[in-house]
Amino acid sequence: MNIVVCMKQILDPEVPARDFRIDAARREAERGSASLVTNIFCENALETALQSGGNITALTYGPESAEDTLRKALAMKANAAAHVAGEGGHPLHVAQVLAAAIRKLGPFDLILTGRESGDWGAGQTGALLAEELGLPCVSFADKIEVMNDGGWQMADGKASDSSAIRHPPSAIRVRRQTDAGFETVEAQPPLVVTITNAEHNVPRIPKVRDVMMAHKQPLTRFTVDELGVAPADYYEIVELAIPQKETRCELLDVDGLAQRIAEITAAL
Amino acid sequence: MTNVLILFAEDRAAQGLAGAAEQLGGETRAILVDGDYQIEETLDALVDACRGADVILLANDTYSQEIAPRLAHRLGGACVGDGVGVARVDGRVRVTRQVYGGKAHAVVEVRRSPAVLWLRARSFSGGAAAASAAELSRDPGARSGRRSTRIVERNVSAQTHARLEDAQVIISGGRGIGGPEGFRDELEPLAKMLGAQMAASRAACDAGWVPPTWQVGQTGKKVAPELYVAVAITGASQHMAGISEARNIVAINIDPDAPIFKHARYGIVDDYRKVVPLLRERLTNLGNHEGKR
Ligand SMILES: Cc1cc2nc3c(=O)[nH]c(=O)nc-3n(C[C@H](O)[C@H](O)[C@H](O)COP(=O)(O)OP(=O)(O)OC[C@H]3O[C@@H](n4cnc5c(N)ncnc54)[C@H](O)[C@@H]3O)c2cc1C
């Protein structure tokens with residue numbers, strides 16, 4: 001089974017609000033002293049892929065620094081990595097670039113993305129990518145099982161010699177999170193799946209030795225021009241601002257708090 | 001100008017969408033998607049049903065979120081999600097939404113038509129509900145060959161008899177609760193006393209202590225209760241992104257510097273294991289008192 005995992009490097013989303021600044025003219029966050037990290041849902045997606053077993057390619061579209069995201073993916077034991085150099089943009093442009101790269105790198109049975117990114121949080125890349133590629137899409141998944149030799153298996157990550165790698169699976173079963181609970185979706189590959197976080201897809205920590213090895217592995221490199229993707233209109237950010245909203249907190253003892261809670265709930 | 005509202009349920013979200021449509025102006029009709037939801041079939045049917053519309057509005061449930069960008073793509077339009085405000089400026093649709101994990105607000109101007117928007121519907125004041133929603137007509141077996149996904153099982157988690165989004169009182173726990181026992185033995189009895197629903201931070205959900213359906217925040221439920229009691233929750237911006245509409249936030253946290261105190265109306269700085277049992281006792285006493293009066 002061949003899997004491509006689309007991954008994005010972003011400004012550390014856990015930067016505390018008091019250190020967060022924006023460049024209002026450029027309408028984006030200031031880098032400041034924040035570090036760059038891989039979007040958590042992209043790492044959840046890679047972890048999910050690793051557990052499913054298969055030949056995994058990590059793909060990113062981003063500036064030079066985004067190579068760190070690929071090196072980390074390789075250290076986590078992705079088999080190959082590809083970098084489209086460029087500055088991103090609106091979700092349709094990103095989806096068109098990723099689709100073009102996937103056509104060159106593929107074919108793939110499974111195309112994974114994170115459910116959304118921790119910076120702009122548009123939550124569209126996976127869905128638009130499916131449309132660009134003409135594939136079905138399942139969103140908010142947290143577990144993938146593969147049908148092999150007539151039975152479902154949830155690979156255990158030691159899948160390097162499992163049949164999942166050698167044969168394309170006949171079917172894929174996805175568990176996804178909904179407002180009310182879970183749904184199980186059965187699908188025939190190829191398809192796009194967007195991944196959300198769960199207890200069982202917390203990204204593994206790479207071994208030091210694998211981190212070192214990852215730096216020696218070759219990357220496939222593309223530019224947006226080479227892929228032949230022309231700019232398209234979609235939407236523009238016309239304003240960006242930090243809301244000024246702080247509440248004065250009244251510190252109470254338990255008696256005081258019980259009183260307030262009783263008042264609020266009595267008024268309902 | 002034509003607005004189309006797509007409803008996956010007839011609840012308070014429908015009124016919010018109608019309110020948003022009123023702010024944008026034009027004629028409005030509504031489509032109700034009923035029955036067996038299957039992703040690709042529903043999408044095909046909605047593409048047909050929405051042709052000719054300038055604006056298509058959806059709520060922030062799972063199905064709306066997954067359908068909206070794909071519907072936009074098929075109709076040649078553009079999608080913006082998680083909107084909390086809409087406006088029409090010089091003929092263009094603008095949407096206000098949180099970005100950077102709730103640390104900033106952006107105004108996004110749509111540059112294609114139709115504008116397909118999914119909104120935090122409950123953040124909008126209600127409009128006159130669009131006359132009556134027509135049921136989505138489906139033509140099973142026709143259309144694109146992309147039938148290769150099938151929802152074969154739906155698993156509704158126990159606690160979701162009432163929607164968290166519509167709860168008036170919410171007791172929410174974070175990583176500082178320390179395990180499922182704290183939720184069960186300390187927070188749930190408090191929630192019972194107050195007729196409250198339970199919720200949690202992502203950290204508590206990721207730890208597997210409570211189900212993911214309890215998660216509140218940027219990537220969880222967006223809630224708007226009269227009272228939100230945040231117990232052992234730091235108050236990261238991504239969590240606060242889900243409770244910006246809460247009327248009264250109460251924080252119980254051992255750390256006086258926790259950011260949650262910048263958003264809370266009332267707070268107690270102490271170990272929740274001490275505070276919560278005492279709080280239950282005091283609330284019981286207050287309740288008895290009121291009863292006697
Ligand atoms: C893209 C993205 C999306 C995200 N989406 C969400 C989301 O939807 N919802 C969400 O919640 N988070 C979300 N997060 C995660 C968020 O950034 C925080 O990491 C998370 O909210 C922290 O949860 P917490 O406050 O429970 O845990 P912690 O940050 O670990 O805080 C625990 C708190 O408990 C207190 N505490 C410890 N022991 C006690 C005690 N005995 N008594 C009282 N207090 C105690 C501590 O002082 C601390 O403040 C997201 C992050 C990213 C990057």
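The analysis underlying the following values was restricted to heavy atoms, covering all of them including side chains, and did not include hydrogens, waters or symmetry mates.
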By a 4.5 Å heavy-atom criterion (distance strictly below it), what part of [X] contacts chain A: side chain, backbone, both, or neither?
X        : value
B:Ala264 : both
B:Val152 : both
B:Phe8   : neither
B:Val80  : both
B:Asn248 : side chain
B:Arg92  : neither
B:Thr219 : both
B:Gln215 : side chain

Below 4.5 Å, heavy atoms only, C-beta onward: do [X] and [Y] meet side chain to side chain?
X        : Y        : answer
A:Cys137 : B:Arg70  : yes
A:Trp120 : B:Val108 : no
B:Tyr100 : A:Ile242 : no

Engaged part of [X] at the chain B interface, taking heavy atoms whose separation is under 4.5 Å:
X        : value
A:Arg248 : backbone
A:Leu191 : side chain
A:Arg115 : side chain
A:Thr194 : neither
A:Ala17  : both
A:Glu132 : both
A:Arg175 : neither
A:Thr178 : both
A:Phe20  : side chain
A:Glu28  : both
A:Asp253 : backbone

For chain B, which residues of residues 30-43 of chain A have heavy atoms nearer than 4.5 angstrom
A:Ile40, A:Phe41
Give me the one residue out of B:Arg282, B:Glu281, B:Arg280 that meets side-chain contact (heavy atoms from CB on, under 4.5 Å) with A:Val254.
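That would be B:Arg282.
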Matching residue for A:Thr184 among B:Arg150, B:Glu153, B:Arg154 - test: side-chain contact (heavy atoms from CB on, under 4.5 Å)
B:Glu153
What do the steps show when you test A:Leu92 against B:His73 for side-chain contact (heavy atoms from CB on, under 4.5 Å), and what is the final call?
CA-CA 9 Å; A:Leu92 179 63; B:His73 192 283; 3.8 Å; yes
Which pair of non-hydrogen atoms, one from [X] and one from [Y], has the smallest distance, and what is that distance?
X        : Y        : result
B:Arg112 : A:Ala232 : NH2-CB, 3.9 Å
A:Ser117 : B:Gln218 : O-NE2, 4.1 Å
B:Ser148 : A:Pro136 : OG-CG, 3.3 Å
A:Ala262 : B:Leu286 : CB-CD1, 3.9 Å

Using a 6.0 Å cut-off, check whether atom CZ of B:Arg247 has over 12 heavy atoms from anything other than its own residue.
no
Any donor-acceptor N/O pair, B:Thr149 side chain to A:Ala187 backbone, under 3.5 Å
no
Between the CD atom in B:Gln168 and the OG1 atom in A:Thr265, the distance rounded to the nearest 0.5 Å is 11.0 Å
Between CZ on residue A:Arg176 and CD1 on residue B:Ile39, distance to nearest 0.5 Å
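Those atoms lie 4.5 Å apart.
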side-chain contact (heavy atoms from CB on, under 4.5 Å) for A:Leu268 and B:Leu227? Distances and angles first, verdict last.
CA-CA 10 Å; A:Leu268 294 178; B:Leu227 176 64; over 6 Å; no
Anything under 3.5 Å between a donor and an acceptor, one on a side chain of residues 233-240 of chain A, the other on a protein residue two or more places apart or in another chain? List them.
| from | atom 1 | to | atom 2 | distance (Å) |
| --- | --- | --- | --- | --- |
| A:Tyr234 | OH | A:Gln124 | OE1 | 2.7 |
| A:Tyr234 | OH | B:Cys79 | N | 3.0 |

